[in-house]
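Quick notes on the structure that follows.
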Amino acid sequence: MTSSRDLAAFASLLADETRAGFALALLDGRAWTAGELARHGGVAPSTASEHLGKLVAGGLLAEERQGRHRYVRLADDRVAHLVEELAAYAAPGAAPRPRSLRESSAAHAMARGRTCYDHLAGRLGITVAAAMTARGLLTQDSGFALTERGVAWFGEAGIPLARTGRRPLARGCLDWTERRPHLAGIAGARLCAHALESGWCVRIGSERAVKVTEDGERALHELLGIEPGKLR
């Protein structure tokens, strides 16, 4: 069993503003260089390397090297799930007032729709999960689970659900802006990938924000009955 010392040591990995900022940035699912994260966090490269070493050693990040470059990414979807849920619990009150128009626009875009590691989040993710539940494709009675009808729906929509490893087919992930769960797991990841590959959604800005296109509005209305106005 995990000891109190082990738990405290693990929790300490994110008990630092710079390391927590790195983890939040890596929720975009990309691999970042140490230099990119240093600039993002506003710290010296040597400081970033020290923090990244702790996160890699603690199992939160995975490291890849290509030539002189060192890349890091979140270790897996479980880590992404943990970081997103901690973010939701860490800010239960109102969001801080934006300090500029640019910051306000970015916050609005992130709340409207974004990726959480490899699945859809924000109002977009919540709306999709609610529509799937209303149509009997997804049940949220005791955790998230696809129904038989839901599995068939993915096949009919041309979205493969091949199982890999121990990752669950469907899982709820608490959304930090909406305070409600959106769809994660294999189903959430495949739906997000299909939305981006098919042009239903496009990435905007330099963070994780995504915007639903006109094609996406039509597709989601036809497949899930979602009114376009809910996605804007």
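Only this structure's heavy atoms are used, side chains among them; waters, hydrogens and symmetry mates stay out.
- A pairwise comparison of heavy atoms in P181 and I126 identifies O-CD1, 3.3 Å as the closest pair.
- Listed for the D175 side chain is a donor-acceptor partner under 3.5 Å among the backbone atoms of G122.
- The shortest heavy-atom contact between G58 and L13 is CA-CD1, 3.7 Å.
- For A189, the side-chain contact (heavy atoms from CB on, under 4.5 Å) partners are D118, R167, not counting sequence neighbours.
- At most 12 heavy atoms of other shown residues, nucleotides or ligands fall within 6.0 angstrom of atom CZ in R180.
- Under a 3.5 Å cut-off, the side chain of D76 and the backbone N or O of V79 do form a donor-acceptor pair.
- No side-chain donor-acceptor contact under 3.5 Å links T115 to the backbone of L120.
- By the ring-ring contact (aromatic ring centres under 6.0 Å, His included) test, H81 is found to be paired with no residue, residues two or more places apart in sequence or in another chain being considered.
- The side chain to side chain donor-acceptor pair (under 3.5 Å) pairs that include a residue from residues 7-19 are R19-H51, where partners are two or more places apart or lie in different chains.
- Listed by first then second residue, pairs satisfying salt bridge (charged side-chain N to carboxylate O under 4.0 Å, His left out) with a partner in residues 187-205 number zero, not counting sequence neighbours.
- When all heavy atoms are compared, the tightest approach of I186 to A162 is CG2-O, 3.9 Å.
- Remark: R123 engages no residue in a side-chain hydrogen bond (donor to acceptor under 3.5 Å, both in side chains) (not counting sequence neighbours).
- Partners of R65 by side-chain hydrogen bond (donor to acceptor under 3.5 Å, both in side chains), not counting sequence neighbours, listed by chain and number: E63.
- Taking the side-chain hydrogen bond (donor to acceptor under 3.5 Å, both in side chains) definition, one finds that R171 meets it with D77, sequence neighbours left out.
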Hey, can you pull the donor-acceptor pairs under 3.5 Å for the side chains in residues 130-141, sequence neighbours left out?
| from | atom 1 | to | atom 2 | distance (Å) |
| --- | --- | --- | --- | --- |
| T133 | OG1 | A129 | O | 2.8 |
| T133 | OG1 | Q140 | NE2 | 2.9 |
| R135 | NE | L224 | O | 3.2 |
| R135 | NH1 | L223 | O | 3.4 |
| T139 | OG1 | D141 | N | 3.4 |
| T139 | OG1 | D141 | OD2 | 3.2 |

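- By the salt bridge (Lys or Arg N to Asp or Glu O under 4.0 Å) test, R232 pairs with E217, sequence neighbours left out.
- Both W200 and W153 are part of a single hydrophobic cluster, where members link through side-chain heavy atoms under 4.5 Å apart.
- Residues that satisfy the side-chain contact (heavy atoms from CB on, under 4.5 Å) test with Y71, not counting sequence neighbours, are A31, T33, E64, Q66, H69.
- Among residue pairs with one or both ends in residues 38-48, none qualify as side chain to side chain donor-acceptor pair (under 3.5 Å); sequence neighbours excluded.
- Evaluation of the ring-ring contact (aromatic ring centres under 6.0 Å, His included) test over residues 119-141, restricted to residues two or more places apart or in two chains, returns H119-H182.
- Closest of all the heavy-atom pairs between C173 and E84 is SG-CG, 3.6 Å.
- Listed here is the closest heavy atom pair of A38 and P45: CB-CA, 4.1 Å.
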